[in-house]
Amino acid sequence: MNLESFLLMRYEIGLLAVILLLIVFEIFLNKKHKGSLIDIAIVLFTIHTIIGFLPLADGSIFGGMFKTNALLHFFKSTLNVGVLILLLQSADWLKEKVVQQNKSTEFFILLFSSLLGMYYMISSGDFLMFYIGLELATLPVAALVAYETFKQDSAEAGVKFILSSALASGTALLGVSFLYATTGTIYFDAMAEVLTMSNLSILGFIFFFSGLAFKISLVPFHFWTADVYEGAPISIASFLSVISKGAAVIILMIILFTVMKPLMPVWIKVIYMVSIATMFLGNIFALRQKNMKRFLAYSSIAQAGFILLGFLSNDQLGYTTIIYFVAIYIFSNLGAFGVVQAISLATGKENMDDYEGLYRTNPKLSLVMMLALFSLAGIPPLAGFFGKFFLYTAAASQGYYLLVFIAVVNATISLYYYLLVIRAMFLRKNENAIPFFKSQPYMRLGLLLASIGILVIGMYSPIYEYIYSISNSFLN
Amino acid sequence: MDFSYTILIPLIPLALFVILGIFSKKIPASISGWMGSIGLGVTFVLSYYAAYQYYLNGKVNGVYQPFIYKYNWMNFTDKLHIDMGVLIDPISVMMLVVVSTISFMVHLYSRGYMKGDDGYTRFFAYLALFSFSMFGLVLATNLFQIYIFWELVGASSFLLIGYYYTKPSAVSAAKKAFIVTRFADFGFLVGILIIGYYTGTWDFQELNNPEGSVITNWASTSFMGLSVLTWALILIFMGGAGKSAMLPFHIWLPDAMEGPTPVSALIHAATMVVAGVYLVARLFPMYYFIEDGFALQVVAYVGAISSLFAAIIALTQNDIKRVLAFSTMSQIGYMMLALGVSGYHGHDGLGFMASMFHLFTHAMFKGLLFLAAGSVIHAIHSNYLQDMGGLRKYMPITHITFLIAALSISGVPFFAGFFSKDEILTAAYENNILIYISSVFVAGLTAFYMFRLYFGIFWGKDKEYEHTPHESPMSMTIPMMFLAFMSIAGGYIHFSKYISPDHMPFEAHLNYYLAAIASTVGLIGIVLAFIFYKKENNLSERFSHAFGIFYKWTYNKFYFDEIYLFVTKKIIFGLVAKPSAWFDKNVVDASMIGIGNVTESFSYKIKGMQSGKFQDYAMGFISGGVVIAIVVFYLWIN
Amino acid sequence: MDILSLFVIVPIITVIALGFSKGLKQSRIVALAGMLVQLGMSINLIFAYLKERAVNDDIMVFVKDIMWFEQFNIHYSVGVDAISVVMIALTAVIVVAGIFISWMVDDLPKEFFISLIILSTGVFGFFISLDLFTMFVFYEIAVIPMYLLIGIWGSGPRENSAMKLTLMLMGASAVLSVGIFGIYFNSNIGTDGPLTFNILEIAQVNIPEAAQNLFFPMVFIGFATLGALFPFHTWSPSGHASAPTAVSMLHAGVLMKLGGYGVFRVAMYLLPIGAINWSDFFLVLASIGVVYGALGAIMQKDLKYINAYASVSHLGLVLFALLMFNKTAWNGAIIQSLSHGLLTAMFFALIGMVYGRTHTRDVAKLGGIMKVLPFIGAIYVITGLAYLGLPGFSGFVAEMNIFVGSFQHDDTFHRILTILAVSSIVVTAVYILRMVGKIMMGPLSNPEYANLPKATWYEKVGLVMLLIPVVIIGVMPFGLGEMLKESIEPFLERLL
Amino acid sequence: MIEGISIYEILTLSSIVFFVGVYGFFTRENLITVLMSIELILNASALNFVIINTYLYPDFLQGAVFSIFIIAMAAAETALAIAIIINLYKLVASVEVKDTEKLKY
Amino acid sequence: METILFYILSALIVVFSIASVSSRKILRAVTYLLFVLIAISGIYFLVDYSFLGAVQLTVYGGGVIVLIIFSVLLVHHIELELEVTPIKRKIIAGLISVVGLGITLWAIYTFPFTNATNYKSIEVADIGRKLLGYGDGGFILPFEVISVLLLAVMVGAIVIAKGKKLNE
């Protein structure tokens, strides 16, 4: 083991360095200047993000516990960009609410350790690392969900989240133990070789899958989602729905297509069922939501159901499309949450009704929201359309036309509720509309980045091609 | 011989229409009237010149040759296409003369009649459009061209009837005319389609060739016991019956009298309404040869019945224009029945010739009657017989011309109508005695109601008028006088020399025996009218009492309007359109909306799943896993 | 830049320019300028096409192909034949007319024109696409702005109508997308080539019959919903009724044409066996639509509803003709698309003008408008007459081609259906005359209407622009028919 | 390896503990007792790992090490959960489950 | 002997775990839980994994249970009785648990486990070597990462626990 191979963990080391530097700043910074910690954190994280784009070799260290490959690089960078946008969008919230309580460093520590957990989770080469990564990704977020300690909703959401996720991780652990029992190993590579179909391994898979499905909010493992999103600070809801879900999807993909490959006939069925249930239930619950956070929660559940379509195609097309869609989903959802965040900060309003007449007072915000929602709904020429279309293609390529049909019907239902928001913003006229306000530069930059992502990722095909070229690197 | 200049005959009115139509606001009334009149004057001259040239020189080996100038307008398939062009043959030339004469006269007349109307220019534009369409129809070289102009004629008729568009009755009359004829045209179009499909051509030359494949192969396909071509012809006749106001499509004609009187004269007396007759005459060889003239029989009976029916109704009407309208219908019935009883070769073609002859003379005297009626209406501003009386003193020219026309239509010897009607009766007598008897009866009725009008207007009681009526201006009386002249002189033309079904002239003579009977019946009618209406008396009322229910039925035109109203309002609207609109709203649309509503209410129904208790969520979580496991095991074990 | 892509690029540039413009005056000038360029290009395209056609025998000309998503073999691929060319010209005319008609849009003018032009971008793109994917993309781009256009600038129950319209159309496009996948994954049957979305390439293979039978109805319904196929037409009446004038024009005039065009280009061309197997079923639906739409129009009280149902009837005729698999009928279908597009646009424009002045569209409340507004009244009557198929106007040419063509079918059942369809001309006359007679003619229903403002210059320009092609097609149909037939042939050959 | 006891018995035991924990999680009305149920669940899993390791795959100590991490994780989780619960208690003066049902539907 | 011991421990575990999740007195429940944990550590000792047994006793018995008791004391009166769970809920919960248990046991019993022959006890030294090894089979990485996790959780717990109302 030498330094070079150690550098395969560049992302993790970089992020740890950021965390440590922040602690140092916290200690040495004058109390009056605590506000500038936010700027420092953003700058540091930006540097970290940029470094992330540097090329990196593939490899595996710690006896296969930590793996890295082009796909994971790409995805970690995507997560970085997502978190960066999220930070930009939450900067004002942090300044207004968190700094006052003198809790901003802790916020960054928790957020970044959660991100670190995700890095480890998706880079993991065995179930132990996976489990620890999962927990590291989850537990700090639980603290963040309850971060607004003065709000009952926040506390309630925190309780729900940590207890539910403990149950989920317990279940997943039981599943892993069964898998371990049938194969005698917790390493992915080794398990893939010896795993066979048996009742116990299937049961193990299902329990394990439910633990991960909890993170992705797949029906019927999704119930916590809406409540937690609603109670959590918007940044954290956004983080949960975007970053954490995205990372979970990737590791699910990696595990299913490598470790669980022998169980494929089984998990295809599971994915099929869960996908339908997720799309339908997510959509049907989203129909009648009035609170924007809750609304986006259900919408993100439904989106997760769409992502599962990609799993049905057991080839490079499927992998690429999953990653592609997750990237698009990250940007789209960040756009939507960003607008909700901006409005909530300026006015404290989070209900759909409050958005009535928004376009006439705040056209730019409304436009970003429209872009984001149309992208989520899959309207061309926005990125979401391409993502969804390719997901359908992936599913259809294996002959799952019925599922594709159900999916497109669901896409239509989802369009309905996205249009409800558009209706409130654009169609309605309201005397008491939210008055014009000017967002802070960070927020605007965050929204701008999200919008660019929404517009560009879809139409600019080299992105898809790049993902395609790296998409099966995780198989080796 | 070159008849290519005849193309100008429709084009001049078209040009007039375009100019007057587009610049209707810019062109002052004085100029537009003159423009129209001069334009039509030119066509008038051209038509007469064409007639002169054709009838004198158009024969080769004693047979009138058709002259065709056409170009391809639209291709449907390799075989089927629409040509636009002119077909010069005896009947089209004759029609040119009729149309241009009446149209020219009406243009002249309208300059006076319409004076001061704010839509003056528009009126002349419409007239020009109508003339264009009518010429196009007359000169058509194929069925589809005739259909095209047929529709245009209908549209211009719609515009002209609805000329006083602020008057609700005029508007509804225009609508009625258009829709009823449109319905008939539906038959016409289907007939055309059938002919196109089964024969592969619409060209008259091919269709009408007695030795051609169309006529010789008529029996090739049959449908419900009749040859498809017979069906086609019946359907085409349906179109003709619509335009010519034959039973049961006649209901629009009386209402159409809401239009300005010159329009009635032009369209609803002389030209458009005889289009149906012309159509049957156009396709006469087909009617005659296919299925041994079955379709022609239909024509004959429809004509005869319409003729009788209209004459009876005309007896009781009080609106003078309506009387004339029913009279027109009755006379067209005459023409139809004449066609229906006609043969093809030589003297057998008498009916055909008579029909055309009557068409010609009728155009003249009926046009005149309308113009004269217009003159009267112009003078006293009323259409109703009861508002009139004793006008002979105030309006001498009108009086005399009206009398001439009335005598002519009544079939009094030496007037034009006498000759043409006699030929018809002869033809009927030779072929179908039942129709003959009915026709003679109609002749008597015609004389009676015409003189009822005549006496009613010009004699009868002396009325006190608010404004003393006075004779119409020269612009109106000159055309009347010209037509009066034609109403007499027209009868002396030897039609049989020019017109026959097989284009070979033959010699037709007056049948003095039959002529005497008809004249006598006509005179009886006149005398009766004299007794009833010459002086004011209550004879007519007593008679109407005596006839009781029959009078009432007649007065109400046998309730045909009501039947139609019932059919359209109650059956089509009430039982078809309304239910389908209801169906659309409450079934089709509602089911689409219903899908949305069901989804949404489902959403509310199942909201309890998200109860807020995280232990419920955990139950969902575990039981979800368990259920998936059970399903998977179930699937996997099987 | 190739001649076709400009049709997408110019509107995009216009939209961007609109983004920077301020106020009504600037917006409308920018929008008008952009769309006039578009109109000029589309007229130029007709001539360029004729010139190119003389030397080029391919099905499509001006073909341009750029690889887009390599893994799916998705190309940005454009090309036109006569049918697309005339549809493009139609669109350009209607868009410009629409801009004239919306000259005075007061609420959010910039956004209005942007939405309108995005919609037209979708339509233009749809007509030039040769690739199913890009076609689908443009299709959806064309549908979505409708929601805003109806929702923001509409009237009446605009929100619900907009929602219904959008959802039904997007639902249809969802069904369509499944059909497209079905085609795509069968697109290399019998060849070793890659899967493809390219229409011309797919036409080279014979998709298995079972697949055709499965996917044809999906593609057909997907497109035909936009063409107001019974019973999927219900978005149309309420949508039209609520839409602002220019949008109704564009929608009925152009957007609904996408349906017939798609059926022709995709469903029938790529799935010919499916088309033949399903034709009877859909033919019955289309015939029902023709008569039913007309009957529905009779009972309506709102002018726009009348027109919307009339559109159902007239576009039903397009589908009807397409299902006859006959060159003449197809020719008629395309001319009918053009004709209906122009006429219905005129109707909606006129209704908009009347509504803008009287603030009612209730037939019962209107009357005698012609006296007050002679120009509008006259055009109204002309449009009405043209609409009911009077010779000399495009409607006649179209309908006769359809009827004659359909009647050439050898099967009695088809001919009987044709007669049924022909009967719609009577019903059409009834509702058109009822409408014209009631609102334009007769005595003035309301004394307040006596002083309605006369038609303005931009309204006149808009109407006349639309009327001219109607008359040209109606009077001189020969060139158009020949031009179209040549392009129809390769498509028909697939079916016979 | 316990003499006379096969792996089935022990796995049965751990499964029972697991599902008793699940039952407790479902039915307890107090957040802290719910937390205790979670301890049961995690313990069952840890037990599984140890047993499987010793009974089936004694060559490698993966299961044994895994169980250590599970215990550590359980402790961390509990600590954080209690912090959050205490915070809730500060806000609503209750740790009943029924007081965490505000966010719903 | 070991067999009997195991059955006794099993019986204790099952009984006390059930008692722990059904007792209405919270402190008793905690106590029962402690018994369960101790019994489980007994099993660890039985399989010669005394290190883990010790960890179990210290971390759980010494750490977690004390933490729970403290928190219980913080929020409850000692003798407070918990609310009764509705019987319907109990039945449903029981049903789900029993079905889940059934399917799990079915899966276990249908799997043909073959006991390893080279049984050996687990030495602390082995564990230590494993935990610090960075080659194949080494667990240094998770060991390091979990320290980050503990740090993060600590920070989180502190920051939540010290939270005060904004307005104060």
Side-chain angles (χ1 to χ4, degrees), chain D residues 1-13 15-17 19-24 26-30 32-33 35-37 39-40 43 47 50-51 54-61 64-65 67-69 71-76 78-80 82-87 89 95-96 98, chain E residues 2-3 6 10 13-14 17-18 20-21 26 29 33 36-37 40 43-44 46-47 49 52 55-56 59 63-64 67-68 71-72 74-75 82-83 85 89-90 93-94 97 100-101 104-105 108-109 113 115-116 118-120 122 126-127 130-131 137 139 142 146 149-150 153 156-157 160-161 163:
Chain D
M1 184 87 88
I2 308 168
E3 227 161 281
I5 302 295
S6 76
I7 187 163
Y8 293 107
E9 276 93 346
I10 310 184
L11 286 181
T12 310
L13 173 67
S15 303
I16 291 170
V17 174
F19 280 101
V20 168
V22 166
Y23 173 82
F26 290 169
T27 51
R28 302 300 276 189
E29 293 290 329
N30 184 298
I32 294 173
T33 47
L35 198 57
M36 284 152 55
S37 307
E39 302 303 338
L40 287 177
N43 259 288
L47 181 57
V50 173
I51 295 305
T54 47
Y55 268 72
L56 303 174
Y57 312 107
D59 297 340
F60 305 104
L61 294 179
V65 178
S67 57
I68 298 172
F69 284 102
I71 290 173
M73 202 70 73
T78 313
L80 188 58
I82 283 178
I84 294 173
I85 292 170
I86 299 288
N87 184 47
Y89 178 74
V95 291
E96 301 287 312
K98 67 178 184 329
Chain E
E2 283 183 333
T3 320
F6 173 76
S10 313
I13 290 170
V14 172
S17 58
I18 291 172
S20 158
V21 298
I26 191 159
L33 177 65
V36 174
L37 297 176
I40 287 177
I43 290 183
Y44 293 154
L46 267 185
V47 296
Y49 191 5
L52 192 65
V55 169
Q56 170 93 350
V59 173
V64 174
L67 202 59
I68 291 175
S71 63
V72 168
L74 197 62
V75 301
L82 296 177
E83 281 198 29
T85 314
R89 184 175 189 82
K90 278 185 182 165
S97 307
L101 180 63
T104 311
L105 291 180
I108 290 170
Y109 280 93
F113 287 114
N115 286 3
N118 55 344
Y119 167 75
K120 57 188 177 192
I122 299 164
D126 292 340
I127 297 289
K130 285 283 176 197
L131 275 179
F139 288 86
I146 204 164
L149 183 138
L150 292 174
V153 168
I160 299 296

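To find a chain, count down the sequence lines: A is the first, B the second, and so on, and within it residues start at 1. This one's a predicted model, so the numbers in the text were calculated from it and none came from an experiment. All values below were derived from every heavy atom in this structure, side-chain atoms included, with hydrogens, water molecules and symmetry-related copies excluded.
- Taking every heavy atom of both residues into account, E/A157 and D/L80 meet most closely at N-CD1, 3.5 Å.
- Ranked by heavy-atom pairs under 4.5 Å with chain E, the first of D/G24, D/P58, D/S37, D/G21 is D/P58.
- The only option from D/T12, D/V20, D/L13 that meets the side chain to side chain contact (heavy atoms under 4.5 Å, CB included) definition with E/V14 turns out to be D/L13.
- A distance-only check finds a donor-acceptor pair linking the side chain of E/T85 to the backbone of D/T27 [under 3.5 Å].
- Rounded to the nearest 0.5 Å, atoms CD (D/E9) and OG1 (E/T3) are 9.5 Å apart.
- Using a 4.5 Å heavy-atom threshold, the side chains of D/F26 and E/K90 count as separate.
- Using a 4.5 Å cut-off between heavy atoms, D/V65 touches chain E through backbone and side chain atoms alike.
- Contact annotation for D/V50: only side-chain heavy atoms (C-beta onward) come within less than 4.5 Å of a heavy atom of chain E.
- Residues D/I10 and E/F6 meet the side-chain proximity criterion, which asks for heavy atoms closer than 4.5 Å.
- With a 4.5 Å cut-off on non-hydrogen atoms, E/I13 touches chain D through its side chain but not through its backbone.
- For E/L131, the part sitting under 4.5 Å from any heavy atom of chain D is the side chain, from C-beta outward, and nothing else.
- Of the two parts of E/L67, the backbone and the side chain both hold a non-hydrogen atom closer than 4.5 Å to a non-hydrogen atom of chain D.
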Item to complete: Dump the intermediate steps for side chain to side chain contact (heavy atoms under 4.5 Å, CB included) on D/I68 and E/L52, then the final yes or no.
Response: CA-CA 7 Å; D/I68 298 172; E/L52 192 65; 3.7 Å; yes
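- In this structure, the portions of D/L47 lying under 4.5 Å from any heavy atom of chain E include both its backbone and its side chain.
- Between D/A83 and E/I160 the shortest heavy-atom distance is O-CG2, 3.8 Å.
- Between the CG atom of D/L61 and the CG atom of E/D126 there is a distance of 5.5 Å, given to the nearest 0.5 Å.
- When the shell of 6.0 Å around CZ of E/F113 is examined, it contains more than 12 heavy atoms from other residues, nucleotides or ligands.
- Only the side chain of D/I32 comes within contact range of chain E, with at least one heavy atom under 4.5 Å from a heavy atom of that chain.
- Here D/L56 is the residue among D/L56, D/V22, D/T78, D/D59 with the most heavy-atom pairs under 4.5 Å with chain E.
- Here the closest heavy-atom approach between residue D/A76 and residue E/V153 is recorded as O-CG1, 3.4 Å.
- Contact annotation for E/I146: only side-chain heavy atoms (C-beta onward) come within less than 4.5 Å of a heavy atom of chain D.
- Contacts between D/Y8 and chain E at a heavy-atom distance below 4.5 Å involve backbone atoms as well as side-chain atoms.
- Of the inter-residue distances, the one linking D/L35 atom CG with E/S71 atom OG reads 7.5 Å to the nearest 0.5 angstrom.
- In this structure, chain D has a heavy atom under 4.5 Å from the side chain of E/T104, while its backbone stays farther away.
- Using modelled atom types, one side-chain atom of D/R28 and one backbone atom of E/V21 make a donor-acceptor pair closer than 3.5 Å.
- The parts of E/V47 that come within reach of chain D are both its backbone and its side chain, each placing non-hydrogen atoms under 4.5 angstrom from that chain.
- In this structure, chain D has a heavy atom under 4.5 Å from the side chain of E/L33, while its backbone stays farther away.
- Partners of E/L101 under the side-chain contact (heavy atoms from CB on, under 4.5 Å) rule, at least two apart in sequence or in another chain, are D/S15, D/I16, D/F19, E/L105.
- Proximity to chain D (any heavy atom under 4.5 Å) is restricted, for E/Y49, to the side chain, taken from C-beta onward.
- D/I84 touches chain E through backbone and side chain together, each having a heavy atom under 4.5 Å away.
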